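Model, not experiment: these values are computed from the prediction. Indexing begins at 1, ligand by ligand and atom by atom, following the structure's order. For the numbers below, each heavy atom of this structure counts, side chains included, while hydrogens, waters and symmetry mates do not.
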Amino acid sequence: MMAKYVYVFGADATEGSAEMRDLLGGKGANLADMARLGIPVPPGFTITTEVCAYYYAHGRQYPPELASQVEAALGVVEKATGRRFGDPENPLLVSIRSGARRSMPGMMETVLNVGLTEQTLRGLIAQTGNERFAYDAYRRLVMMYSDVVMEKGAGIEPAEGKGIRRILDARLAALKARRGYGSDVELTASDLKALVARFKKTVRERLGQPFPEDPWDQLWGAIGAVFASWMGKRAVEYRRIERIPDDWGTAVNVQAMVFGNMGDDSATGVAFTRNPATGENAFYGEYLINAQGEDVVAGIRTPAPLNAHSRNEQSRHLPTLEEVMPAAYRELVGIRDKLERRYRDMQDIEFTIERRKLYMLQCRTGKRTGVAAVRMAVDMLDEGLIDARTAVRRVDPLQLVELLLPRLDPQAESKATPIATGLPAGPGGAVGRAVFTAHDAVEWASRGEKVILVREETSPEDVDGMHKAQAVLTSKGGMTSHAALVARGWGKCCIVGCGDIEIGRDGRSFRARGGQVVKEGDWISLNGTSGRVYVGQLPLVPADPEGNPFYVRLMKLADGFRKLHVRTNADTPKDAAQAIAFGAEGIGLFRTEHMFYGEGSEEPLFLLRKVIMSSTEEERRRALDELFPYVKADVKATLAVMDGRPVTIRLLDPPLHEFVPHDRAKLARLAEELGITMPKLRKRVEALRETNPMLGHRGVRLGITYPEITEMQIRAIFEAAGELLASGKNPIPEVMIPVTSTVRELDHQKAIFDRVRDEVRSQLGLAELPCLFGTMIEIPRAALRGGDIAATAEFFSFGTNDLTQMTFGFSRDDIGGFLPDYLRSGILPADPFQTIDQDGVGELIALGIARGRATRPELEVGICGEHGGDPESVMFCHRVGMDYVSCSPFRVPIARLAAAHAALAGPEEEGN
Ligand code: PEP
Ligand code: MG
């Protein structure tokens with residue numbers, strides 16, 4: 001049977017369906033589905049993603065059957081519309097649009113009005129009786145086609161600002177200025193006629209080819225350009241950020257044109273079935289009278305609100321669609337309800353009204369802020385649209401970041417005066433230095449600067465810079481502009497359509513309405529929830545997710561599904577309390593050494609240095625006795641906060657030289673306390689230096705050479721726990737040995753553990769002093785020898801930071817030097833220090849668990865490397881049967897939700 005590459009939709013002959021998303025792309029599948037639902041969709045056809053794959057596998061050639069299938073499908077569309085492609089009397093015009101499996105907003109190309117030539121133009125004028133309209137359509141085609149097909153599609157890369165689109169735009173602007181027109185609508189038929197002639201001349205001069213006057217050349221040119229745009233720079237960049245595989249390919253949709261620019265009884269718009277910023281169950285959108293779809297998204301004119309709910313500061317004075325075209329609006333509301341019932345999710349739709357008749361051009365699952373995602377999931381559950389499992393799976397764990405990240409301090413904000421207000425497109429607060437190009441944003445951010453990208457409007461070329469910036473601020477564009485869509489998708493703070501600012505001619509500054517000038521590098525602060533812009537650095541305060549009832553409910557549902565427990569990595573009572581507030585069920589990693597850094601660490605650090613610099617056991621024991629009360633107090637404070645929850649306390653891990661002072665005064669005090677001379681002290685410091693400290697004298701190796709260090713720490717833990725126990729509390733300590741590679745190391749330390757426990761128990765007169773003894777698994781050998789290590793260890797905690805370092809042989813501190821090259825060239829799919837390398841490191845983990853549990857079936861297993869807060873890694877931890885993940889306090893809610901997703905994932909998703 002001949003392969004089928006083309007599927008017709010609309011025209012009573014719809015061949016595709018919603019289930020065929022992989023083959024038809026999201027747009028094609030949904031157009032087919034809408035047509036099946038009886039929603040008015042202009043007829044057309046979809047060329048499948050298989051053709052895209054074929055095209056790239058065969059040196060940009062199409063399968064031989066394609067041409068005849070396209071011709072046949074176009075015949076169906078001609079019949080349905082009663083028009084003919086290329087017919088000078090009654091021409092059919094079509095749009096050519098991309099459509100991948102997952103939406104990539106604005107990343108690929110579109111060409112409208114294909115089929116319009118000098119010949120068919122006359123027919124279009126006759127059909128519509130509107131010469132101005134026909135010439136306007138023609139000039140749009142020339143602009144788009146020359147840009148998308150003749151320049152980008154041909155791989156021509158003009159210098160910055162010298163692209164054909166820019167040149168033609170400038171011509172158009174110059175003409176309007178000469179004529180004194182405020183908007184495109186004022187251009188007359190003869191203006192446009194003259195403009196088209198000039199455009200075509202310019203195209204021939206600049207691109208060395210005439211604008212094609214054969215409609216079939218136009219059609220195939222546009223189809224080719226859409227396929228080519230799949231491998232365009234910005235699409236590739238976007239896929240890298242979103243982790244969309246390159247081999248998915250795009251489909252191409254060819255659809256009969258309908259026109260929103262046929263006069264004041266025509267319009268075009270973009271809408272969301274619910275508010276994408278807040279999640280409120282209210283129809284939300286924007287439209288423009290007498291315009292084509294590109295005008296709304298490009299932000300050239302301020303769009304008007306769909307209804308009262310959609311009004312904002314910029315559009316408050318404009319009439320709503322509900323007021324201007326009540327019948328079309330009512331029909332749209334009916335479609336909105338139908339779509340929500342059908343897809344059971346918020347949809348992002350594009351519509352056109354041609355002479356009062358409504359058409360749907362697109363519908364897809366809409367991007368939303370994290371706040372909105374949570375609210376929609378819970379609301380839809382209450383409305384009976386979805387069940388609890390779906391509600392939990394609806395929210396991407398990383399979307400919660402937005403609810404957990406800081407916002408501008410409301411107190412400081414109430415005292416500050418905003419210099420401008422725009423549309424709140426992405427919530428939260430952000431503080432950064434103003435930069436004015438995406439390129440600068442990337443460059444400054446790579447130097448560790450926090451930047452806010454300020455643009456008139458953004459385009460798909462800016463995505464990398466937007467990604468690297470703390471926030472995005474645009475002076476133009478609406479809530480459906482490119483900047484708003486992209487930022488919303490990422491949960492990034494974003495303000496758009498900020499008409500109160502004007503970007504300077506130098507492109508390196510902006511002036512606010514009140515006259516304040518902000519130059520490149522100046523600090524600004526943004527409140528993305530209210531749309532306010534401030535000069536300077538306003539303080540940020542933590543978010544308050546628990547104050548959001550939708551969040552609280554969603555997390556409760558998630559907790560009901562998950563199997564994994566979620567602990568936190570914390571080593572202060574403050575962090576521990578924060579983590580409990582975020583839902584942590586214990587501490588999976590308490591790094592003892594953290595008491596020697598930061599606030600209040602002066603004295604214990606000095607005493608630790610004394611320990612390190614001691615040269616005899618006796619000297620060291622004296623210093624350890626002095627240090628002991630600090631360690632005990634530190635452990636006790638956190639055990640007290642975590643009452644009733646397990647706390648895994650890890651013994652000293654870093655190489656000792658990390659604690660050696662460098663400044664003279666501190667060295668001098670040490671020498672004095674130890675009663676030795678400076679040269680002698682320097683000699684001892686020198687002796688601690690290691691060539692490769694990460695693989696050196698650290699972790700359990702310290703406890704082997706200096707058992708008294710282990711002993712002091714274990715005694716501190718038992719006394720702290722014992723005293724809490726005696727006072728009626730319920731401490732649950734677990735002692736963890738780091739950097740283990742052989743069970744003999746553990747046996748050595750376990751003997752100290754057992755002896756000290758007995759001593760403290762009798763000293764405090766306690767019958768029991770429960771405490772698990774376990775180890776980190778962070779050296780490949782330890783994973784391999786999990787079987788014998790579990791004979792001594794009662795729990796394993798995978799330290800995937802070091803395990804990744806030692807499995808790959810990548811230094812965790814130096815990977816930044818070459819990782820970008822590895823990612824760019826696809827050698828690594830992701831940073832293995834962020835997302836577990838399931839094939840390699842993951843295999844060691846699975847093997848370590850299996851061998852460990854073969855020896856000790858009740859072995860408790862967790863993870864405490866950074867990966868414990870990464871959703872993909874959490875899914876993996878669930879699959880390999882861990883008991884818990886442990887991550888930083890702010891990641892706890894993300895891990896909780898990811899653990900629920902893991903538990904709800906069907907077998908078909910498990911392997912992905
Ligand atoms: C690890 O190695 O994964 C770990 C948690 O320990 P640290 O990061 O302290 O080396
Ligand atoms: Mg480690």
Side-chain angles (χ1 to χ4, degrees), residues 566-572 575 579 584 586-598 638 646-659 690 692-703 713 734-741 745-746 749 774-783 786 789 793 795-816 831-838 840-842 844-845 848-849 860-870 873-874 876-877 880 882-889 891-892 895:
V566 177
R567 296 195 192 179
T568 190
N569 293 357
D571 18 62
T572 64
D575 283 357
I587 287 181
L589 176 60
F590 176 95
R591 292 176 163 108
T592 13
E593 60 270 17
H594 277 214
M595 68 178 288
F596 303 114
Y597 308 117
T638 295
V647 179
T648 308
I649 303 156
R650 182 176 74 182
L651 303 191
L652 206 58
D653 181 67
L656 294 181
H657 79 94
E658 276 195 15
F659 300 105
E690 292 179 303
N692 203 343
M694 271 288 189
L695 304 177
H697 200 185
R698 59 175 287 216
V700 68
R701 299 158 202 174
L702 295 170
Q713 296 182 84
E734 298 178 343
V735 165
M736 179 155 78
I737 307 297
V739 200
T740 306
S741 52
E745 289 167 324
L746 277 190
Q749 300 285 292
T775 183
M776 305 267 300
I777 303 287
E778 52 185 341
I779 290 183
R781 189 182 192 284
I789 288 185
F795 66 87
F796 284 0
S797 177
F798 284 88
T800 43
N801 303 333
D802 276 311
L803 190 60
T804 300
Q805 166 166 269
M806 299 199 214
T807 303
F808 275 99
F810 288 161
S811 159
R812 56 196 269 194
D813 298 324
D814 305 305
I815 190 173
D831 177 351
F833 288 98
Q834 268 177 31
T835 298
I836 288 179
D837 155 51
Q838 297 189 16
V841 177
L844 275 172
I845 293 174
I849 297 175
E860 182 188 73
V861 181
I863 181 176
C864 63
E866 279 307 298
H867 306 85
D870 167 67
S873 309
V874 172
F876 169 80
C877 294
V880 293
M882 286 194 191
D883 298 297
Y884 68 85
V885 296
S886 187
C887 55
S888 74
R891 286 258 149 184
V892 165

Which segment of [X] sits under 4.0 Å of ligand 1 when only heavy atoms are counted:
X: M776; value: side chain
X: L803; value: neither
X: N801; value: both

Taking distance alone, with no angle check, do R650 and ligand 1 share an N/O pair under 3.5 Å?
-> yes
Test of proximity, G799 against ligand 1: N or O pairs below 3.5 Å = yes
Going by heavy atoms, is R812 under 4.0 Å from ligand 1?
->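 Heavy atoms of R812 do come under 4.0 Å of ligand 1.
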Report, in ascending order of atom number, the atoms of ligand 1 lying under 4.0 Å from any heavy atom of E778.
-> 1 (C), 2 (O), 6 (O)
Considering the heavy atoms of L589, write down every atom of ligand 1 situated less than 4.0 Å from one of them.
->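 Checking each atom against L589, I get 5 (C).
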Whether E778 has an N, O or S atom under 2.8 Å from the Mg ion (ligand 2) | yes
With respect to the Mg ion (ligand 2), what is the nearest N, O or S atom of D802?
->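 The closest N, O or S atom of D802 to the Mg ion (ligand 2) is OD2.
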Any idea which heavy atoms bring Q749 and G703 closest together, and the distance?
->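 Result for this residue pair: NE2-O, 3.1 Å.
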Do me a favour and list the nearest non-hydrogen protein atom to atom 7 (P) of ligand 1 with residue, atom name and distance?
-> R591 NH2, 3.5 Å
At what distance is the nearest protein heavy atom to atom 5 (C) of ligand 1, and which residue and atom is it?
-> C864 O, 3.4 Å
Basic-acidic side-chain contact under 4.0 Å: R567, E734 =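 Salt bridge present between R567 and E734.
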Parallel, tilted or perpendicular: which fits the ring planes of F798 and F796, with parallel below 30° and perpendicular above 60°?
-> perpendicular
